[in-house]
Amino acid sequence: MKKIPLLLLVFATCSYAQIKIENGTQLSLSNGGFLYVNEPIVNEGTLTLNSGKLIIANNFNTSSGTLSAANATIEVSGGENQIFTFGSNDVLKRLELNKSGNTATVAAGKLTITDGFKSTAGNLNAAEKIILKSTNTKTAIVEQSTTGTIDNIVVERYLPAKRAFRLLSSPVTTTTSIKYNWQENQNNTSPLYANNSNAVSGYGTHITGSTSGANGFDATQTGSPSLFIYNNTTQAWTAISDTDTNTLNAGAAYRLMVRGDRSIDTYTNTPTPTVTTLRTTGTLKIGAHTVTGLNTTAGAFNFIGNPYQSPINIQAVLLASTNINSNYYYVWDPKVGGTNGRGAFVTYSFLTNSNNFSGSAVNQYLQPMQACFVDTFANGAASVVFAESNKFTTTNENVYRNASSAIPTLRLNVFDATSFQQGGTALDGVLCFFGDEYSNGLDSYDAGKLSNLDENLSIKVENSNHSIVTFNYPISTSEYAISLSDYKHQNYFFKAQLENYNGLTPYLLDQLTTTYFEIQNNSSYNFIIDPNNPLSSASDRFKIVFQTAVLSTNDFGRNIILYPNPANAGDSFFIESSLENAKVTLHNILGQSIPVTIINQGNLIQVTPKDIVSQGIYLVTISNENQINTVKWVIK
């Protein structure tokens, strides 16, 4: 059925030379309608496109009028050179480039695109006057495109208020410097805040690496660098040499410490972070993109960037690549890391479409202007191939969500106590898969461990650390060695998620206290690091073991029973134990001692808090000269 465009024309002047909308008049396009115009358009009144589509094959000038197109599409068409002149702040939902020849050039004004851009053919010189907008709710993307050249377009990336490293990439190739783009073409030559340069509030960030502002860097007291590249060959980070001559290439990957916008005081290490938007101006990447120069050693890490201003299905990218492990990839999530955390590496498994982090929403889509790590599969040359067909139409502005799977899984995350109690994010995590098709040795499903700035949790397989591991179904002698290091707190919680699992009962073994804690779905285990006891912070303190019979959480093999548990505030509790000369202490989960009255009655000990305790979890320690055990006591 042929579509008939609906057009409402009110007091507009038409001629073969041009279409002119006079001052005080309006041209309105109906919702869903379209209009093809082969003559120049001059708007001095009001041009309202609603949700329609305007196809322009000639010049377009709306500088003296009003363009209402926040829900509309404009297609740039035709084979002639075209000049576009916009108003000071025009807004458009979508822009399409479909020229059969020559170039469309923006002469003046500003056009902000909120949703999408598509290039089918032709050339567009945006002259830094067309902006692909990014906000806290939406980022304009470049949809699957065929061909075309788009120069001097401005691409934005909104970043929430969080002082943390980001793994970033560029969706354009610039002729201008890093300073021109991410520093808003300015830099501080003094570390004093009184001399801070901040020409455009809410945009740009400080990039440091000098005490004097040399080489385009923002001066700080220490001159410590904040922008790095990763050498895939040497497996090491290297600071950028300067920002005033180095440019940005589409797909190039960077690690950048983002403090906030340029209003931040870099003279202190504890400024209040602010939101910011990074702007990059250059030539959009349209078409296939191949990354070479990757590490040739099996299991080596490779740092790559998204070359497109669009989310991409990274699994599809890896499957089409050469000698790259397509079972998982790694993303730095600045949102996780516990209380005042600085972020952590999250490993995403395509085996189950899930990641190793409770609270992280990293998924299979690498976001616009985001970089990641992938592994070389086997010894030999490797390359990564991006294609337009890998693009995904919906951005994940919350950056990140989890999915579930039917494969038996055990996810173990570690929290600092404050983050755990407040429902915050984990410090780090591991993810285990079980199945007859998996081996207990290293294979292509096992993801290595990228080190975080703070706590690092991993499972050891063949004496190497891993963030995701696969195992055959456990037997009674199965043991998984846990490595936990780089403690920054004293009070911690493990939290377990056990899904689709039906086998021997897993236990978390605390080898310091010889405590066996049964791992159940959403179960948690509290432990404390004693600065006076180095064994409490040993990296191999914990392991996962399996038993045929279920051990009581109140009976660790030494006939210790605590009851009532849970109890009501004001209650006493009783301990039955075969330990001789046992001593009992009570602490809250922050490690603070709770005064108690103890009455020994042979093998029965009555313990009564001297003050009424509040609702929560408390730790009861029963010990003698040779043995020690810790039991949780819950107040309802």
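Everything numeric here is computed off the predicted structure, so don't read it as measured data. Numbers for residues simply follow the sequence, beginning at 1.
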Does [X] use its side chain to pair, donor to acceptor, with the backbone of [Y] at less than 3.5 Å?
| X | Y | result |
| --- | --- | --- |
| Asn456 | Asp454 | yes |
| Arg411 | Asn355 | yes |
| Thr220 | Pro191 | no |
| Asn325 | Ser444 | yes |
| Ser134 | Thr139 | no |
| Arg259 | Thr205 | no |
| Gln511 | Asp540 | yes |
| Asn306 | Ala371 | no |
| Thr208 | Gly223 | no |
| Arg541 | Ser536 | yes |

Fill in: Asp218, Asn198, Thr274 screened by side-chain hydrogen bond (donor to acceptor under 3.5 Å, both in side chains) with Arg262, the one that passes
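Single pass found, and it is Asp218.
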Approximate separation, where rounding is to 0.5 Å, of [X] [atom1] and [Y] [atom2]:
| X | Y | atom1 | atom2 | result |
| --- | --- | --- | --- | --- |
| Ile528 | His587 | CD1 | NE2 | 7.0 Å |
| Asp416 | Lys488 | CG | NZ | 12.0 Å |
| Leu410 | Tyr501 | CG | OH | 8.5 Å |
| Asn472 | Asp436 | CG | CG | 5.5 Å |
| Leu159 | Leu168 | CG | CG | 6.5 Å |
| Ile598 | Thr585 | CD1 | OG1 | 8.0 Å |

Worksheet entry | Derivation and outcome, side-chain contact (heavy atoms from CB on, under 4.5 Å), residues Leu457 and Leu427 | CA-CA 8 Å; Leu457 175 65; Leu427 299 166; over 6 Å; no
Worksheet item: Taking side chain as C-beta onward, heavy atoms only, is Thr515 less than 4.5 Å from Tyr525?
Response: yes
Discussion item. If you define the side chain from C-beta out and look only at heavy atoms, does anything of Pro368 sit under 4.5 Å from Pro311?
Written reply: yes
Set of residues satisfying salt bridge (charged side-chain N to carboxylate O under 4.0 Å, His left out) with respect to [X], sequence neighbours excluded:
| X | result |
| --- | --- |
| Asp261 | none |
| Asp571 | none |
| Asp265 | none |
| Arg163 | none |

[X] to [Y] - nearest heavy-atom pair and separation:
| X | Y | result |
| --- | --- | --- |
| Ala161 | Pro273 | CB-O, 3.8 Å |
| Leu512 | Leu535 | CD1-CB, 3.9 Å |
| Leu412 | Ile482 | CD2-CD1, 3.8 Å |
| Ser419 | Gly338 | OG-CA, 3.6 Å |
| Ser464 | Leu442 | OG-CD1, 3.9 Å |
| Leu351 | Ile407 | O-CD1, 3.8 Å |

Worksheet, complete the sentence: Residues passing the side-chain hydrogen bond (donor to acceptor under 3.5 Å, both in side chains) test with Ser458, sequence neighbours excluded, are Asn465
Discussion item. Among residues at least two apart in sequence or on other chains, which ones pass side-chain hydrogen bond (donor to acceptor under 3.5 Å, both in side chains) with Asn302?
Written reply: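 Checked Asn302 against side-chain hydrogen bond (donor to acceptor under 3.5 Å, both in side chains); matches are Thr376.
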Applying ring-ring contact (aromatic ring centres under 6.0 Å, His included), name anything that partners [X], two or more places apart in sequence or on another chain.
| X | answer |
| --- | --- |
| Tyr329 | Phe350 |
| Phe301 | Tyr330 |
| Tyr267 | none |
| Tyr480 | Phe471, Phe546 |

Discussion item. Apply side-chain contact (heavy atoms from CB on, under 4.5 Å) to residues Asp333 and Phe357 and explain how you reach the verdict.
Written reply: CA-CA 10 Å; Asp333 188 346; Phe357 243 93; over 6 Å; no
Ignoring hydrogens and angles, state whether a donor on the side chain of [X] or [Y] is under 3.5 Å from an acceptor on the partner side chain.
| X | Y | answer |
| --- | --- | --- |
| Ser467 | Asn356 | no |
| Ser349 | Asn327 | no |
| Thr608 | Thr597 | no |
| Asn452 | Asp486 | no |

Practice prompt. Could you tell me how the ring of Phe527 sits relative to the ring of Tyr487: parallel (under 30°), tilted (30 to 60°) or perpendicular (over 60°)?
Written response: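 Geometry flag for Tyr487 against Phe527: perpendicular rings.
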Item to complete: Starting from the C-alpha separation in whole Å, work towards a yes-or-no answer on side-chain contact (heavy atoms from CB on, under 4.5 Å) for Phe420 and Asn526.
Response: CA-CA 10 Å; Phe420 181 82; Asn526 178 238; over 6 Å; no
Practice prompt. List the steps and the verdict of ring pair (Phe, Tyr, Trp, His ring centres under 6.0 Å) for Tyr438 and Phe433.
Written response: CA-CA 8 Å; Tyr438 307 128; Phe433 301 136; 7.0 Å; no
Practice prompt. Begin with the C-alpha distance, continue with both residues' side-chain angles, and end with the deciding distance and a verdict on side-chain contact (heavy atoms from CB on, under 4.5 Å) for Tyr203 and Glu156.
Written response: CA-CA 9 Å; Tyr203 287 90; Glu156 294 187 350; 3.6 Å; yes
Discussion item. If you apply the rule ring pair (Phe, Tyr, Trp, His ring centres under 6.0 Å), what do you find for Phe373 with Tyr230, and how did you get there?
Written reply: CA-CA 10 Å; Phe373 277 91; Tyr230 188 78; 5.0 Å; yes
Discussion item. Given Tyr254, which partner from the list Trp237, Trp182, Phe228 fulfils the ring-ring contact (aromatic ring centres under 6.0 Å, His included) test?
Written reply: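 Testing each of Trp237, Trp182, Phe228 against Tyr254, the sole residue satisfying ring-ring contact (aromatic ring centres under 6.0 Å, His included) is Trp182.
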Worksheet entry | Residues which pass side-chain contact (heavy atoms from CB on, under 4.5 Å) with Asn522, listed by chain and number, not counting sequence neighbours |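 Asn522 satisfies side-chain contact (heavy atoms from CB on, under 4.5 Å) with Lys495, Gln497 once adjacent residues are dropped.
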Practice prompt. Kindly write out the residues that satisfy side-chain contact (heavy atoms from CB on, under 4.5 Å) with Leu453, not counting sequence neighbours, or none if the list is empty.
Written response: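 Checked Leu453 against side-chain contact (heavy atoms from CB on, under 4.5 Å); matches are Phe165, Trp332, Arg342.
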Worksheet item: For Asn340, does the CG atom sit with more than 12 other heavy atoms under 6.0 Å from it, leaving out its own atoms?
Response: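 Incorrect, the count does not exceed 12.
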